[in-house]
Protein chains: 2
Amino acid sequence: MTDDPTGHGDPTGPTGPKRRGRPSRTAAPTGPDARTRILEAARTEFAERGYDKTSVRGIAKAAGVDSALVHHYFGTKDEVFAAAIELSFEPALVIPAVLGDGTDGLGERLARYFIGVWENPASRAPLLAVMRSALTHEAAAKVLRGFVLRRLLERVAEALDVPDATFRAELAASHMLGIAMLRYVIRAEPLASADPEKIIEMVAPTLQRYLTES
Amino acid sequence: MTDDPTGHGDPTGPTGPKRRGRPSRTAAPTGPDARTRILEAARTEFAERGYDKTSVRGIAKAAGVDSALVHHYFGTKDEVFAAAIELSFEPALVIPAVLGDGTDGLGERLARYFIGVWENPASRAPLLAVMRSALTHEAAAKVLRGFVLRRLLERVAEALDVPDATFRAELAASHMLGIAMLRYVIRAEPLASADPEKIIEMVAPTLQRYLTES
């Protein structure tokens, strides 16, 4: 993390008077580092507070920056949410790499990949927060809809050689999403306690058929 | 709908003084009819207000009965919620009948049945409300978990002749749940606008494999 007190033109400088009750501007990160900190703070805020209780002001405070900087980098709360979703789904963008290894065993590789993402608490928490927000707030659903449609599904579909590739990719995604909801959120047995390998073994042929058999 | 003013022992009787700002007790339904009205009011309240904004008092008011009658029939708010879920899932209890026709074409019959329930706005709305509540409130998740586990999945599993039948039934349910979330809640294309027959055609072999092939 860089900390360059001269980088944002604070006229008081590092030795100027401090204002009470507010972090010194000289402590605020700027540039790519500030952007990352804002995004990570946003992800945590959305995850912990939910969509409608999260504010740009709260995100700024958690990131140790001014609200204006959040608006500068991202715009509205919805736009911060969209960027935080992209950060959460970043692992999903390696899916084309998974697809790139050819169609042999593709279903199993994808099932293993998805289950791995959900089994890891660090990637699971923000994904759950995103899903919960999208299932309960239309603004969040709109953001996810645009993202899911435009980026993830289309990138997967491009790598497939079947008719209705985007539809098939979405069916595969729906299955993994439903498993995640029952296993990690509702925690309905026996799925909640099932060995991940057993889930992968059962689900792999389904994904394989959706993504490769026309 | 029956309306028997003598059925609940109101000492004021039908000609007694009316209290201001509160429905006359003589208008309150009783017996099986009151129970049904309370359940339907509960389902509507949970659907429209969400889990944590719904109260026993609000349900009683919507049903035109005293809160004490709601407590008498169902107990706590969680217990009213559980009963309302059962009412919503009542169609799901015909699934053993679907299963009873044998394993030939079972996947297609089940897919058609599920899609039919979700395509019908009258059954979709309460189901969505239940799912949203369960995904955002642990108390609601607990109720659904108990119900999904104890009733629906086990009843389906009893009719199957495969190892891990409950696990397989839950995998099938997870897929239908995920499709419902993406199609009806997040409304992500192309699934949101897809012809129901196209979804059934793609999903039927998946359900068939989960439920019949060991």
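The sequence lines fix the lettering, A, B, ..., with proteins before strands; numbering per chain opens at 1. In what follows, every heavy atom counts, from backbone to side chain, and hydrogens, waters and symmetry copies are set aside.
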Part of A/I199 within contact of chain B (heavy atom distance under 4.5 Å): both

Identify, with sequence neighbours excluded, every residue that meets side-chain hydrogen bond (donor to acceptor under 3.5 Å, both in side chains) alongside B/R124. none

Largest heavy-atom contact set with chain B, pairs under 4.5 Å, which of A/A134, A/G178, A/A192: A/G178

Basic-acidic side-chain contact under 4.0 Å: A/K142, A/D78: no

In terms of relative ring orientation, are B/Y184 and B/W118 parallel, tilted or perpendicular, with 30° and 60° separating the classes? parallel

Please check if the side chain of A/T54 supplies one atom and the backbone of A/R49 the other of a donor-acceptor pair under 3.5 Å. no

By a 4.5 Å heavy-atom criterion (distance strictly below it), what part of A/R183 contacts chain B: side chain, backbone, both, or neither? neither

Could you have a look at A/T206, A/V203, A/V185 and say which one has the most heavy-atom pairs with chain B under 4.5 angstrom? A/T206

With chain B as the partner, which of A/P205, A/A141, A/A180 has the greatest number of non-hydrogen pairs under 4.5 Å? A/P205

B/D161 atom CG, over 12 foreign heavy atoms within 6.0 Å: no

The interface call for A/R187 against chain B, heavy-atom contacts under 4.5 Å, is both

Give, as side chain, backbone, both or neither, the part of A/A194 having an atom under 4.5 angstrom from any heavy atom of chain B. side chain

